[in-house]
Amino acid sequence: MTAAQLVPASQARADIPSPEITELIDLNDVMTAAALPTSGLITVEVNTDGTVSFALPRTEVGQGITTSTAMLIAEELGIPLSRVHITLAEARPELLFNQLTGGSNTTFSTYTPIRVAAAVARNRLLQTAAAEWGTAVTELTWDAGLVTGPGGRSADMGDLSPKAARARTEEVSVSLKPRDMFTVIGKPHNRVDAHAAVTGRKTFTLDLKIPDAMPTMVCRPPTINGKVGSVSNLSEVRSMPGVTDVVVISTGVAVRATTFGRCIDAVRALRVSWKPGSAEGKSDESVLAELRAAELPMGLPSVTPNVEERFTFHFRSNSALEPNCAIADVRSDRAEIWSSLKAPIVAKQAIATKLGLPLGAVTVHVTEGGGSFGRKLFFDAALEAVEVSQRIRKPVKLMWHRADDSRQGRAHPMATSRVRISYLGNTVLGYKQRHTSVSTDLSHGLGEIFTALAAKLPVGDIGFSETFFQLSQSMPYDFGANSRLLSETDKGFNTGSMRNVYSPDVTCARELLVDRLAGKMGKDPYRFRRDFLRDDRSRAVLDKAAEAGDWGRSMPAGTAQGIAFHSEYHSTSAVLVELDCRPETVDRPVRDGVAGPRVTKAVIAVDVGLAVNPRGLEAQMMGCLMDGIALTLTSSLHLRDGHFLEASWDNYFYTRQWNTPPELQVIVLSPSTGEPGGAGELGVAASMAAVACAYGRATGTMPTVFPINHGTLSFEPKPTVPPIPASPTDGLDHVR
């Protein structure tokens, strides 16, 4: 097993004349710098069977980082990808800031440490062979893990591994493989877990067979964060078939039973008197009024011509496809937890505090997750599972119902964004944006207890959010003096950092105003952007999207193209879409849904520096596009009387097949830098903005409320009591 402490060369960048803070340091840089001191604890283990094991201190939730990580190790060790086995590390508090999955930071921050650890392992194995054979390292060759020396001697790295092992720390230097010798990095590879995923062999939390851990669900309040007042039929529910335990906990009434079906029956049978919640009586309209009251001033009116608009973005769900879940086995002196966690260190610390146990007595196993969208930065299911297990003194396998996550889970905050761009002639003089949002819960901090606690303090949370905002937003255009400020209000909601956090809303508002300004100046939207972009790298992705998408081609009335640009975390992206807003498309019948416009074509051009796995990057961009389409056209939660009306995916309209493009192209530009930039969230903002711009051009009216179909409630809301709706029985009626 090998590891290496990195000693980076100076990375000062004194050649940047721009005042943009993100060009000097952005959120990804901060996260990487925070992780650097513990990078020496990242280890690569060479096994006696010739395979390599690596416990990745990040969480795989479908984004493909186990594949890209395996590629880094295979490249540096010069072995086939099939010989590298990636698992997920348990919560390791000693890693401090180095075990948080978010901010498109995984590959960005682990690219060099993982390669260094693999290179140290290779060098140590070569040194061991040289010592065994009494020869110099320079006389040895390494080929696919086989070491060959003078006289025809050879040994596989697995055979050398036990002798190469050392239990001491020493300073070594390594030379990493130069880019022109790469045979794995930068080449498209299928996911290492693809076969297991499509054949059902991949193991998620609820697939685990933990002894005596039985299905458990929670009866939740009818309004957000309501509390239990009293339960009138506890004994009756405890006697229901298959039910083993019923207990009141901090978030509701927990039921443990032999099957999840029996848990659902018990939850639906409970008669609970509830106390008010934290958003009691609130609605979309009342929250919007709060946001407008909290808007920061734009300053004095512009004395030159300007374009200005306010945009509204409604609540959106952070639910992943995998139900929110966790397994817990709490004993008097120890606890063991299994869950897909993107901030496992702070989860372990919080669980230890909740149980009153020493940190070393709590083991948190990180499992692979079926999606996240920021949802798995929070560990509420794990906290509930340990609370139930502690109370009943039995292991539990806890799962949230779909309705639970829609109504009581994490939501992307409702927000407004007011933008003003001042100009004179063909010169843009200034840009101002005031983004106002329901408070975004960033209480996971940077993945450990210190910043997590700071983010919860009355003043600390404001500073944490504003810092996050400023370090993740940038102005890619030469728009003179510019400023972006964040104001947050109302902490009564369960919010989270949905994919790309602030950027989709902020960028969508900006790009729509850029389109309007281009019109005022009599310029083509693409050409206008190109003229004002700050650098050649940005212009290159915009040009590629416009060229591949045949920008400016003649299109039928009611259809249009839209183009948008977004940059973040040392990466750039441009998206071109074609949108059909003709009545026959918008009004086509969809059962219990709004069809709306359809994106018929999309081209995504990205430059992430060095793409470790271009095929994985393409998949990420496809997902980003689907997110962007959803945010613009279909996806939102409707708040009424302190609760959300949506109760599952059947009435929360994430992008459906009826509005996804039959023609889609992702273009990965040639590496423009020697290292990877952020990629996981890159395409969401530009996709959302491109669809919005296309809608404005197709209809002749710029959209200002998102998603555009929020005002149409296309389904009959399910009751909140009982909190779990009855399962549908009419599926066969809708089979075609």
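Atom set for the values below is all heavy atoms of this structure, side chains included, hydrogens, waters and symmetry mates excluded.
- Arg375 has a carboxylate O that lies under 4.0 Å from a charged side-chain N of Asp380, or vice versa, which qualifies the two as a salt bridge.
- Using a cut-off of 4.0 Å between Lys/Arg side-chain N and Asp/Glu carboxylate O, Arg115 and Glu75 are scored as not salt-bridged.
- Across Gly678 and Asn28, no two heavy atoms sit closer than the pair CA-ND2, 4.1 Å.
- Between Asp212 and Arg331 no salt bridge is recorded (no basic side-chain N to carboxylate O distance below 4.0 Å).
- Side-chain contact between Leu27 and Glu568 is absent, with no heavy atoms from C-beta onward closer than 4.5 Å.
- For Phe108 and His570, the ring centers sit closer than 6.0 Å to each other.
- Put simply, the residue from Leu208, Ile327, Ile210 that forms a side-chain contact (heavy atoms from CB on, under 4.5 Å) with Lys397 is Ile327.
- Under a 3.5 Å cut-off, the side chain of Asp29 and the backbone N or O of Asp26 do form a donor-acceptor pair.
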Any chance you could lay out the side-chain contact (heavy atoms from CB on, under 4.5 Å) test for Leu125 and Met157, step after step, and finish with the verdict?
CA-CA 7 Å; Leu125 291 164; Met157 64 180 189; 3.7 Å; yes
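- Counting heavy atoms from C-beta outward, Val366 and Pro57 have side chains that stay 4.5 Å or more apart.
- Residues Ser503 and Ser472 share a closest heavy-atom pair of OG-O, 3.9 Å.
- A donor and an acceptor atom, one from each side chain of Arg58 and Ser109, are located under 3.5 Å apart.
- With 3.5 Å as the limit, one finds no donor-acceptor pair spanning the side chains of His85 and Ser53.
- Remark: the Asn47 side chain and the Ser161 side chain contain no N/O donor-acceptor pair separated by less than 3.5 Å.
- Donor-acceptor pairing under 3.5 Å is lacking for the side chains of Thr572 and Ser538.
- No side-chain heavy atom of Ile667 sits under 4.5 Å from any side-chain heavy atom of Ile604.
- Side-chain contact between Val606 and Val541 is absent, with no heavy-atom pair separated by less than 4.5 Å.
- Using bins of under 30°, 30° to 60° and over 60° for the plane-to-plane angle, the ring pair Phe378/His444 lands in the perpendicular bin.
- For the 3.5 Å distance criterion, the side chains of Ser68 and Asn613 fail to qualify, holding no donor opposite an acceptor.
- Note on Glu132 versus Arg153: no salt bridge recorded, every NZ/NE/NH1/NH2 to OD/OE distance being 4.0 Å or above.
- With sequence neighbours left out, Glu368 forms a side chain to side chain contact (heavy atoms under 4.5 Å, CB included) with Glu60, Leu88, Asp193, Lys202.
- Neither side chain, Thr363 nor Glu90, offers a donor N or O lying under 3.5 Å from an acceptor on the other.
- Residues Thr205 and Ser340 come closest through the heavy atom pair OG1-N, 3.7 Å.
- Across all their heavy atoms, Pro323 and Arg402 have their closest contact at N-NH1, 3.9 Å.
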Does Lys177 form a side-chain contact (heavy atoms from CB on, under 4.5 Å) with Ile185? I'd like the steps, not just the answer.
CA-CA 11 Å; Lys177 185 183 289 188; Ile185 295 175; over 6 Å; no
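- For the residue pair Val668 and Pro614, the shortest heavy atom distance occurs at CG2-O, 4.4 Å.
- For the pair Val612 and Tyr111, the minimum side-chain heavy-atom distance is below 4.5 Å.
- Side-chain atoms of Glu139 and Trp133 include no donor-acceptor pair closer than 3.5 Å.
- Nearest heavy atoms, Leu77 versus Trp142: O-NE1, 2.5 Å.
- Heavy atoms of other residues, nucleotides or ligands lying less than 6.0 angstrom from CD of Glu94 number more than 12.
- A donor and an acceptor atom, one from each side chain of Tyr654 and Asp627, are located under 3.5 Å apart.
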